[in-house]
Amino acid sequence: MTLDQDHVAALFAQRFGEAPRWVVRAPGRVNLIGEHTDYNGGFVLPLAIDRAIWIALRPRPDRSVLVHSLDYNEEAAFSLDTLAKGEQPWAEYLKGTAWSLADAGFALSGWEGIVAGDVPLGAGLSSSAALEMATARAFAAVSGLPWDPPAMALLGQRAENRWVGVQCGIMDQLASASGRAGCALLIDCRSLHTTAVPFPRGVAVVVLDTATRRGLADSAYNERRAQCEAAAALFGVEFLRDVTREAFRRRAEELDDATRRRARHVVTENERTLRAAEAMQREDLTSLGQLLNNSHESLRDDFEVSCPALDAMVEAAQAHPSCHGARMTGAGFGGCAVAVIDAAGSDDFTRTVAAQYQLATGHVPSLYVCQATDGASVVVGD
Ligand code: GLA
C-alpha cells in the first residue's frame with residue numbers, strides 16, 4: 001500500500017475524532033552510488049524516494065508522547081522527563097530522536113498521534129532514518145524548533161548510534177532530511193556539503209527488492225568499518241577519503257589482503273561517485289551506467305558485502321536492453337539493488353527482470369520505478 005497525506009490525516013481523524021494539527025513526512029532513500037564511503041568521510045549520491053514515514057499529530061498539554069503505529073498495530077507512550085529504553089523496537093527510534101534533540105539543548109513539547117509508512121522495513125531503503133527524521137520533524141513542529149536539515153540529520157544519526165546502537169554513517173538521515181524532487185544529492189560526508197544533481201529526462205530509477213533480508217549485517221558492517229579505520233591509520237589520515245589512488249598504490253603491499261581490498265573499494269568508489277555525478281550532469285548515461293556496474297563488482301569482490309540474491313538480481317537487470325547500469329544498494333547482504341534505465345522500457349524491464357530473478361533464485365521480488373522527492377517536511381499545518 002502506498003500512502004499520502006489525506007489518507008494519513010483520515011486515519012488520525014478516525015482515532016482522535018478531529019483533524020490533525022500537523023502531518024509530517026520523511027522519505028526513505030535509495031543510493032545510486034557511493035557505498036560504504038560515508039563513514040570514510042567520502043562521497044555518496046543518494047535520492048530521497050516516494051516511499052515515506054508519516055506522522056499525524058496534535059500537541060499535548062503535558063510532556064508525554066503517545067503514538068500509535070499503524071504498521072505494528074501497537075501503541076507506545078513515553079515521558080520526555082524520564083526517557084528510558086523499552087520493549088518496542090520501533091518506538092526506540094522515536095525515543096532516541098527525542099533524547100538526541102533534548103541532549104542538543106532543544107526544549108521539547110509533548111504530542112500524540114499516529115505513525116504510518118510505506119518504506120519496506122529492513123530492505124535497505126532506510127526506514128529507520130525516515131522514522132528518525134519524521135520524528136524530528138514532528139518535534140520541530142510542535143516545539144517551534146528551527147528546521148536545519150543537516151543539523152537534524154546529525155541528531156538522527158546520533159540517535160541511531162547512541163540510543164539504538166547501530167554504528168551507521170550520515171548518508172541515510174541526510175538523504176531523508178535534504179532530498180530534492182527530481183534530483184540525486186551528491187553529498188560530501190565530511191563537510192556535509194550537498195549538491196543537487198538533476199536526473200536527465202527520460203531516465204527512470206528502479207528499486208529491485210530481492211525479498212531477502214540482511215542477516216549478520218551489523219557485525220559485518222562494524223567489521224568493515226574497523227578494517228577501513230585500520231587502513232586509514234596506516235596511511236596516516238583520519239579518513240580513507242584522503243587517500244588517492246596513487247598513495248594507495250604506493251603502500252598497498254603493507255596491508256593484509258582483506259584490508260587492502262576493503263581500502264581499494266573505498267578509494268575507487270569515491271572516484272566513481274564523483275565521476276557518476278559529473279556523468280549525470282552531462283547526461284552521459286553510458287558512463288553513469290558503467291560506473292554503477294563497476295561499483296557492484298567492487299562491492300562484490302573487494303568489499304564483499306553482496307550475496308547470491310543481489311548478484312542474481314544485478315545480473316538480470318544488467319542483461320536487459322533498457323538498462324544503463326545496476327548495482328546492489330545500501331549496506332548489502334540482502335535487501336535491494338538499484339538500476340538506472342530508459343523510462344520508456346520500464347514496464348518490460350520490471351516484468352522481465354522479476355521473472356528472471358525468480359527463476360534463478362526462487363524468491364518473489366518486488367520491482368518499482370521510484371521518483372526522487374523532497375526531504376522531510378510538514379505537509380499539513382505550518
Ligand atoms: C547503511 C548505513 C549508511 C551507509 C550504508 C552503506 O545504509 O546506514 O550510513 O554506510 O549502509 O553505504
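When a ligand or atom number is given, it counts from 1 through the structure's own listing order.
Here D188 pairs with R241 in a salt bridge; the nearest charged N to carboxylate O distance falls below 4.0 Å. The pair K85-E92 does not count as a salt bridge, with every side-chain nitrogen at least 4.0 angstrom from each carboxylate oxygen.
Taking every non-hydrogen atom of C168 and a distance limit under 4.0 Å, the qualifying atoms of ligand 1 come out as 2 (C), 8 (O), 9 (O). Heavy-atom proximity to G169, at under 4.0 Å, picks out these atoms of ligand 1: 9 (O). Atoms of ligand 1 lying under 4.0 Å from any heavy atom of Y39, numbered from 1 in the order shown and given with element: 10 (O). Below 4.0 Å from some heavy atom of M171 lie the following atoms of ligand 1, by number and element: 4 (C), 5 (C), 12 (O). Proximity to R29 (heavy-atom distance under 4.0 Å) selects the following atoms of ligand 1: 7 (O).
The aromatic rings of H265 and F303 lie tilted to each other, with the angle between the two planes from 30° to 60°.
Cation-pi check for R58 over W22 is not met; the charged atom does not lie both under 6.0 angstrom from the ring centroid and within 45 degrees of its normal.
In terms of protein heavy-atom proximity, atom 8 (O) of ligand 1 is nearest to D172 OD2, 2.7 Å.
Across the listed options D38, L299, T329, D38 owns the non-hydrogen atom lying nearest to atom 4 (C) of ligand 1.
The aromatic ring centres of Y93 and W163 sit 6.0 Å or more apart.
At a cut-off of 3.5 Å, with distance as the only test, no side-chain donor of R261 or S298 sits close to an acceptor on the other residue.
In terms of polar-atom proximity, defined here as any N/O pair under 3.5 Å, T37 makes no such contact with ligand 1.
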